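Keep in mind it's a predicted model, so treat the numbers as computed, not measured. By convention here, the first residue in the shown sequence is residue 1.
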Amino acid sequence: MEVEIDVPSHFLCPISMQLMNDPVTISTGITYDRQSIERWLFTCRSSSCPVTKQVLSDTGLTPNYTLRRLIQSWCTMNSHHGLDPITTPKEPVSKSHILNLLHDARRNPHNQIKCLRRMRSIAQTSDCVEDLGAFEFLTMVILKEKESGSLSEECDEALIIFHHLQCTDIQLRKLVQLEDESIFFDALLRVMRIGRIESRLHAIMLLRKLFKVADPAQNAGIKGELFEETVRILKDNGVSLQTIKASLELVTEIIRWGRNRIKAAEAGMVSVLIELLIDNSDRRVCELMLVALEQICRCAEGRAKFLEHAAGLATVSKKVLRVSHVASDRAVRILFLICRFSSSYRVLQEMLEVGVVSKLCLVIQVDCSETTKERVKQILNLNSRIWKEASCIPAHLLSSYPSL
């Protein structure tokens with residue numbers, strides 16, 4: 001059943017009566033959607049304001065950035081009703097204007113926050129030219145942060161601008177190849193620790209970009225503090241779904257390198273992932289959590305932490321056949337790792353009691369990937385001596401697979 005959404009009247013174009021995608025204001029002070037008013041003025045060749053009927057001496061169109069941002073925010077808040085965020089074409093900005101802003105920010109520290117806010121507005125609505133020195137200036141702003149109880153407004157603004165810049169791999173590599181290789185990573189870790197929710201999200205997304213271009217040795221040498229801060233963010237009930245996804249994408253990007261699986265396990269990642277997995281129904285989030293859990297369970301420390309959690313086996317088993325083929329495959333891999341490397345009589349009995357074995361028997365009878373089915377058969381064969389007499393294993397499976 002579709003829910004009728006009450007759109008604020010000032011978000012509607014007076015001509016089309018549709019939600020404005022690119023609001024612009026004409027000389028009479030009335031705001032229209034760009035496409036509609038351009039058709040009115042230039043295609044229909046009308047020289048008057050559609051609402052006031054005044055003759056226009058000037059047909060210039062002024063972008064209404066404030067209203068555009070309000071509409072974008074409203075669309076985001078109502079995305080659960082099926083509304084897509086509006087996208088607007090970016091407008092060109094003169095190089096001299098950007099250069100003047102950068103020069104003023106460097107020359108007058110007191111004007112720095114004002115210049116950064118203007119640069120943020122440009123980055124959000126225009127194609128900002130990174131080759132003019134903006135990249136280096138923003139890096140300097142983030143690196144000069146002093147240890148204190150909170151982040152400066154300048155650092156917050158710099159992170160927002162970084163988020164909107166289309167940084168090249170070459171520029172990103174400059175950050176990971178600074179004289180002190182960890183200096184920029186440490187600055188972003190500090191943002192994750194004490195920054196505002198939005199700043200923490202931008203720091204996480206920037207870190208992920210950096211790890212993608214970093215050398216394997218750098219990724220393997222990540223400090224355990226990164227996993228500790230990620231765990232703390234995932235535990236925060238106030239973070240958005242977008243922040244949770246970004247955090248999980250960061251973890252899955254770096255966890256396979258070096259001893260990162262062990263670092264993640266020691267930071268408490270396994271427990272928080274299981275807790276989040278219990279009630280989460282978002283497909284992408286569930287897939288990411290199962291991918292991360294499977295990677296961590298490849299090390300003995302990770303499997304030990306997994307088995308320490310009373311709901312680990314039951315929660316992972318519950319996601320099989322309920323989320324997606326990807327989620328089912330990863331969940332079965334986790335169970336396979338437990339059965340192959342960390343099984344005990346107690347663990348195998350628990351798998352019977354919480355319904356894991358029943359779910360595995362169901363997997364080989366339904367439509368799912370052959371790889372997943374084959375791994376389930378290996379699990380059942382590995383533990384046939386313990387599970388053979390279990391009432392949850394159907395008789396026809398025993399006859400089809402005598403080894404059970």
Side-chain angles (χ1 to χ4, degrees), residues 90 98 102 116 119-120 122-124 126-145 151 155-193 195 198-231 233-234 242-264 267 269 284 287-288 291-292 294-296 298:
K90 292 191 174 184
I98 298 174
L102 291 170
L116 284 166
M119 286 179 63
R120 178 181 67 170
I122 293 173
Q124 289 174 332
S126 310
D127 286 325
C128 190
V129 183
E130 291 84 2
D131 294 336
L132 298 178
F135 182 87
E136 289 76 10
F137 173 70
L138 295 172
T139 302
M140 179 269 293
V141 170
I142 294 174
L143 289 178
K144 78 172 188 178
E145 276 291 298
L151 289 182
C155 186
D156 282 336
E157 294 292 338
L159 284 166
I160 294 172
I161 299 169
F162 249 127
H163 175 67
H164 290 283
L165 293 184
Q166 299 298 317
C167 301
T168 66
D169 287 355
I170 293 176
Q171 289 174 320
L172 292 172
R173 286 193 182 97
K174 288 181 180 179
L175 297 179
V176 298
Q177 293 171 353
L178 293 172
E179 185 176 349
D180 181 353
E181 291 183 353
S182 67
I183 185 172
F184 199 76
F185 290 110
D186 289 342
L188 294 181
L189 276 175
R190 183 169 176 271
V191 175
M192 289 176 65
R193 185 171 64 253
E198 186 181 18
S199 298
R200 290 153 72 187
L201 171 61
H202 292 150
I204 290 167
M205 297 176 80
L206 182 53
L207 273 170
R208 187 175 176 227
K209 291 179 181 178
L210 295 177
F211 288 130
K212 279 188 173 182
V213 302
D215 294 330
Q218 289 176 302
N219 288 340
I222 293 170
K223 296 178 180 178
E225 183 184 357
L226 174 63
F227 294 104
E228 293 170 4
E229 294 304 328
T230 305
V231 165
I233 289 173
L234 290 173
Q242 186 182 11
T243 303
I244 291 175
K245 285 183 180 179
S247 300
L248 293 171
E249 287 169 350
L250 173 63
V251 170
T252 56
E253 185 75 37
I254 60 177
I255 203 166
R256 67 185 186 276
W257 300 104
R259 292 173 53 84
N260 288 346
R261 296 184 181 97
I262 298 174
K263 295 173 189 174
M269 184 69 68
R284 179 57 178 161
E287 289 175 350
L288 288 168
V291 169
E294 187 261 335
Q295 285 289 330
I296 300 173
R298 293 190 180 194

ask   = What pair of heavy atoms forms the shortest contact from V141 to A158, and how long is it?
value = CG1-CB, 3.9 Å

key: Non-hydrogen side-chain atoms of Q295 and T252 separated by less than 4.5 Å   = no

Over all atoms of both residues, closest heavy-atom pair of I255 and A264 = CD1-CB, 3.9 Å

ask   = Does any non-hydrogen side-chain atom of L165 lie less than 4.5 Å from one of I161?
value = yes

query = What pairs with E225 under side chain to side chain donor-acceptor pair (under 3.5 Å), at least two apart in sequence or on another chain?
reply = R193

request  = State, with a plain yes or no, whether a side-chain heavy atom of L175 is found less than 4.5 Å away from one of F135.
outcome  = yes

inquiry  = Test: salt bridge (charged side-chain N to carboxylate O under 4.0 Å, His left out). Region: residues 254-264. Which pairs qualify, not counting sequence neighbours?
reply    = none

message = Restricting to non-hydrogen atoms, name the atom on F162 and the atom on L138 that form the minimum distance, rounded to 0.1 Å.
response = CE1-CB, 3.7 Å

query = So, for V231 and A267, which heavy atoms are closest and what is the spacing to 0.1 Å?
reply = CG2-O, 3.7 Å

task = Evaluate the side-chain proximity of L234 to L248: yes if any heavy-atom separation is below 4.5 Å, no if none is.
result = yes

ask   = Residues two or more places apart in sequence or in another chain: which of them pass side chain to side chain donor-acceptor pair (under 3.5 Å) with D156?
value = R196, S199

request  = Kindly indicate whether the side chain of I262, heavy atoms from C-beta on, has any atom under 4.5 Å from the side chain of F227.
outcome  = no

T243: partners by side chain to side chain donor-acceptor pair (under 3.5 Å), with sequence neighbours left out = S240

note = Applying side chain to side chain donor-acceptor pair (under 3.5 Å) to R298 and not counting sequence neighbours gives E294

Residues 201-213 side chain polar contacts: donor-acceptor under 3.5 Å, at least two apart:
{"residue": "H202", "atom": "ND1", "partner": "E198", "partner atom": "O", "Å": "3.4"}
{"residue": "R208", "atom": "NH1", "partner": "E249", "partner atom": "OE1", "Å": "3.4"}

